[in-house]
Student: 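Mind having a look at this structure? Questions to follow.
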Amino acid sequence: MGGGTHRPTMDLLRSEPMQLVQLIIPIESAHRSISYLGDLGFFQFKDLNSEKSPFQRTYATQIKRCGEMARKLRFFKEQMTKAGLSPSTRSAMSDDVDLDNLEVKHGELEAELMEMNANHEKLQHSYNELIEYKLVVQKAGEFFHSAQSIAAAKQREVEAQQRGEGSIDSPLLLEQEMVTDPSKQVKLGFVTGLVPREKSLAFERILFRATRGNVFLKQSVLEGSVTDPASGEKAEKNVFVVFYSGERARNKIVKICEAFGANRYPFIEDLSKQFQIITEVSGRLEELKTTIDVGLVHQTNLLQTIAYHFEQWSHLVKKEKSIYHTLSMLSIDVTKKCLVAEGWCPVFATNKIQNVLQRATVDSNSQIGTIFHILQTKESPPTYFQTNKFSSAFQEIVDAYGTAKYQEANPGVFTIITFPFLFAVMFGDWGHGICLFLATSYFIIKEKKFSSQKLGDITEMIFGGRYVIMMMALFSIYTGLIYNEFFSVPFELFGPSAYGCRDPACRDASTAGLVKVRATYPFGVDPKWHGTRSELPFLNSLKMKMSILLGVAQMNLGIILSYFNAKFSGNELNIRYQFLPQMIFLNSLFGYLSLLIVVKWCIGSQADLYHVMIYMFLSPTDDLGENQLFFGQKFLQIVLLLAALVAVPWMLFPKPFLLKKQHEERHRGQSYALLENSLDESDEMEVRHGSSSHEEFEFSEIFVHQLIHTIEFVLGAVSNTASYLRLWALSLAHSELSSVFYDKVLLLAWGFNNIFILIIGIFVFICATVGVLLVMETLSAFLHALRLHWVEFQNKFYEGDGYKFQPFSFASLDAEDE
Amino acid sequence: MYGFEAMTFNIHGGYLEAIVRGHRAGLLTAADYNNLCQCETLDDMKMHLSATEYGPYLQNEPSPLHTTTIVEKCTLKLVDEYKHMLCQATEPLSTFLEYITYGHMIDNVVLIVTGTLHERDVQELLEKCHPLGMFDSIATLAVAQNMRELYRLVLVDTPLAPYFSECITSEDLDDMNIEIMRNTLYKAYLEDFYKFCQKLGGATAEIMSDLLAFEADRRAVNITINSIGTELTRDDRRKLYSNFGLLYPYGHEELAVCEDIDQVRGAMEKYPPYQSIFSKLSYGESQMLDKAFYEEEVKRLCLAFEQQFHYGVFFAYMRLREQEIRNLMWISECVAQNQKSRVHDSVVFIF
């Protein structure tokens with residue numbers, strides 16, 4: 001996309017005006033048109049074939065082809081990862097690749113690769129087999145050799161015994177046993193081979209059982225692992241030699257060997273032949289090795305060429321697949337000469353879309369151009385906000401609650417300021433703010449690098465909200481300066497403190513208190529408050545009142561936005577019977593409270609505001625006495641109370657009745673109009689009234705709805721105001737926690753005058769500050785700010801039942817995959 | 001204690017129950033089957049299935065597909081899920097899950113033994129075995145010549161060993177013997193499984209006893225129908241019936257003496273749950289009986305999901321998936337052989 005040189009002015013408050021458009025595209029330019037529209041990314045196609053299953057659609061075969069090519073690409077990728085290659089990021093971008101050629105090429109490449117793999121596998125198989133054979137010959141040779149030498153030694157021993165003594169006391173049986181009788185000697189057969197080590201025990205057991213113990217099994221462990229020829233995987237194996245007698249036993253053993261995946265290899269007892277075999281095998285191994293290596297080099301070369309084009313190909317295939325998916329959503333004309341598309345596009349993009357379509361017509365040498373036709377519809381259009389990288393994260397905060405209704409006032413605009421501000425009220429500490437700012441600056445500076453790579457789950461989230469966090473940090477620095485908090489150390493940044501001791505010795509500072517010696521501290525809280533006994537009462541009162549002021553202001557903003565919404569949609573009823581009484585109700589109670597707070601701050605009165613507010617309801621006619629702040633307060637209170645009382649039925653009753661009346665009138669009017677007027681006007685009428693004219697009007701439902709709404713607002717006015725006190729509570733918690741870490745960890749460690757304790761203390765302090773204050777407190781303040789926006793602010797006006805504009809765009813293709 | 005599983009079940013079983021319920025949500029629905037039945041080629045089926053949970057298993061298959069590939073990959077998915085659950089399971093759920101596979105083990109043993117009897121290649125037979133019923137020394141089965149050897153050589157190491165105690169004879173293996181062995185083994189297996197579930201108690205026992213009783217009764221009916229006209233004596237037949245279930249013991253007496261399908265029907269119609277199955281069939285017909293039983297089974301299996309905190313869901317899920325794979329096999333066979341008119345003959349919709 002061209003960066004929006006002639007985009008309309010940013011209008012975040014209302015979503016872009018949309019239109020439902022019908023495109024009639026000649027079939028020969030359809031593919032190109034869709035492709036250009038995808039490049040543009042301003043058109044959301046409607047699925048006109050939703051009743052058809054995927055394989056019955058017009059372009060099912062092409063989609064299948066693309067799927068097949070995607071599969072081949074996955075195969076290439078798998079081969080490349082096996083060979084340790086990664087697709088080059090800066091691959092050749094030649095434009096002249098078309099799908100058919102590519103398909104043929106892919107087919108060839110796949111066949112070639114498969115053949116190579118098969119050859120390689122065959123070679124590897126025989127190579128592994130030879131290695132195993134060699135091992136078996138070596139091991140079994142060793143075994144036979146040692147057995148023979150033992151046997152020979154025994155033989156000698158026996159012979160020596162026989163010769164040495166008259167065999168009176170030597171047992172006769174032994175002699176008989178030992179003397180080998182050639183006639184009785186049964187020729188023992190044997191089988192040699194390799195068996196996987198984890199199966200060797202079971203193998204032995206089964207052999208024993210199958211032959212009723214008439215075998216002799218000798219196993220020896222092979223060090224290291226051997227590649228199994230059949231599976232091609234590395235495995236630990238044992239060399240075995242089984243001695244048996246008889247042909248039946250042999251059959252059984254062979255079968256068992258097969259069952260256990262034990263590879264059998266012939267073995268020759270003759271020593272000289274063994275050597276011959278080993279040398280022969282070694283020679284062949286050498287040969288095979290070189291053949292395999294050459295094959296591998298060849299394969300790597302092929303894969304490298306694939307890797308060079310891989311990104312381009314996979315991008316192309318993805319693009320083609322999405323184009324055909326889109327084409328399948330269009331309905332095909334009866335004459336099969338053109339396709340009909342319907343979809344949404346923003347009004348400002350009309351020209352661009354038309355240009356693009358024209359270009360597509362010209363480029364594909366089509367005789368007829370695409371027809372661009374705007375449709376009238378009752379359907380509610382999708383919501384589309386043009387955001388940039390700064391505002392998108394804030395818009396996301398709103399969208400997480402619900403996508404705005406089409407052209408509804410968008411709270412996202414205000415969220416950009418109010419959200420970080422409310423956060424900062426709870427997180428006021430300019431030291432912590434600076435830490436947060438540095439952290440987020442890192443993300444913003446490295447933005448280019450991070451946005452191109454894949455991040456972890458949590459990092460991704462932080463990175464996505466980097467501008468939100470930056471704003472939050474900046475506002476925290478600001479409120480931190482107001483609160484005069486820096487890791488709970490007071491600073492005299494804006495001049496000296498206004499307070500001083502009564503006398504130079506400062507003896508009664510902690511008992512009688514300080515006196516004001518200079519002009520008021522110019523900005524924020526006076527540093528002298530820090531650590532005094534009256535610090536908490538002072539700050540609590542300040543923050544509590546501030547929270548209420550902020551809350552009432554934000555709620556008023558919400559109600560005013562409902563006015564703009566009603567005005568935009570021309571809904572007089574909502575203005576008169578919802579906006580007005582709501583305004584009156586909220587402001588006559590809490591607006592008045594805010595006024596009292598401001599007045600009290602200005603004149604420095606000692607009036608008890610709780611008392612004023614409570615007795616305003618309990619006994620409005622009583623005298624205020626010392627709590628009176630200004631003249632005529634009592635009268636004003638009575639008026640406000642009456643106004644609030646009137647506002648409740650005002651909210652409740654008129655609207656449903658008026659709606660009923662309107663509905664009845666409209667019905668009468670409509671039938672009237674249909675009889676009298678031409679077809680055109682009645683059409684227009686239906687369009688204007690939308691679906692409401694067809695809806696069943698249920699008075700009781702409307703009334704109950706209004707009742708709930710009224711109750712919610714009246715109770716909500718109280719509870720939402722109270723809810724804003726969380727600003728105070730969290731801010732208090734934050735400053736108390738940071739002062740605990742500072743006093744009880746850092747200062748305590750400092751007091752020991754020991755370098756080790758100090759180091760430990762600093763370490764604990766840093767951990768606690770980062771872990772608890774910077775991470776967990778940020779999270780909790782974030783969540784509370786989120787809640788204040790979603791619940792207390794947005795429920796005053798926000799419907800949030802729209803759906804997002806999701807244009808067909810190639811730019812989002814890559815993001816969507818993986 | 002019945003009714004108190006809710007307090008402790010989730011400690012060990014909660015995670016897996018959630019998993020299995022999630023898997024169950026991925027079963028194909030009637031709409032999916034309707035779409036699948038309209039497919040023209042196996043590639044169409046692949047395309048449709050790629051939108052379901054089978055997608056990842058089929059997407060890397062090269063295009064000329066075969067029925068066996070589809071079934072193989074679908075089974076692979078089931079096996080993967082099963083293995084995952086088994087890895088996560090603790091006692092007694094792991095034992096329960098293992099019990100589910102014993103049926104396949106019996107089938108595999110029988111398959112290999114019959115195959116070797118007819119001198120088939122062992123490797124080829126192994127490929128046909130159900131992967132859930134595999135055990136280490138299964139290939140060694142080919143060595144055995146008679147039942148005693150079979151037992152002594154191979155099966156003594158497997159969980160099937162105890163079930164063998166009733167059928168050790170020195171007779172040489174033949175088709176008839178093998179079939180009797182299969183049924184004896186199955187009988188012993190079902191009884192053991194039933195006992196195990198009773199021992200677990202609670203909702204598991206309640207639900208599983210219903211499901212297993214149905215299984216036992218179905219086997220009893222099938223044994224009866226299959227043994228009509230063979231040399232199997234009544235007493236032998238009687239011995240193959242499992243000693244529990246709705247038909248036990250009086251129904252078994254009646255089934256044991258049945259000589260044709262209508263007599264079976266007469267015996268079964270005395271039991272209300274089976275009456276409805278038989279009422280769907282016309283007299284003298286037994287072809288559609290399997291489908292009717294499958295439908296009833298699916299209905300019962302689905303009901304198992306209505307209750308929480310029991311192991312029956314695992315059994316039910318495995319069975320439902322197997323049914324689904326049978327359905328897919330049938331549909332793909334019909335599609336491959338252009339017999340689309342017969343698609344609905346054997347497909348049992350799950351939802």
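Each chain gets a letter, A, B and so on, in the order its sequence line appears, and its residues count up from 1.
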Student: Under 4.5 Å from any heavy atom of chain A, what part of B/Glu61 do you find: side chain, backbone, both or neither?
Tutor: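 Looking at B/Glu61, just its backbone touches chain A.
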Student: Go through the structure and list residues passing side-chain contact (heavy atoms from CB on, under 4.5 Å) with B/Glu91, not counting sequence neighbours.
Tutor: B/Ser94, B/Thr95
Student: Test of understanding: with side-chain hydrogen bond (donor to acceptor under 3.5 Å, both in side chains), list the residues that count as partners of B/Glu127, not counting sequence neighbours.
Tutor: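 B/Glu127 satisfies side-chain hydrogen bond (donor to acceptor under 3.5 Å, both in side chains) with no residue once adjacent residues are dropped.
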Student: Is it true that, when you exclude A/Lys218 itself, more than 12 heavy atoms of the residues, nucleotides or ligands shown sit nearer than 6.0 Å to its NZ?
Tutor: no
Student: According to ring pair (Phe, Tyr, Trp, His ring centres under 6.0 Å), who are the partners of B/His104, at least two apart in sequence or on a separate chain?
Tutor: B/His130
Student: By number, which residues in residues 67-76 of chain A have some heavy atom less than 4.5 Å away from chain B?
Tutor: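 Against chain B, the residues of residues 67-76 of chain A that fall inside the cut-off (heavy atoms, under 4.5 Å) are A/Glu68, A/Arg71, A/Arg74.
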Student: Near B/Arg326 CZ, under 6.0 Å, is it more than 12 heavy atoms from other residues, nucleotides or ligands?
Tutor: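 Yes.
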Student: Between B/Lys46, B/Met47, B/Glu40, which has the largest tally of heavy atom pairs under 4.5 Å with chain A?
Tutor: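 Option with the greatest count: B/Met47.
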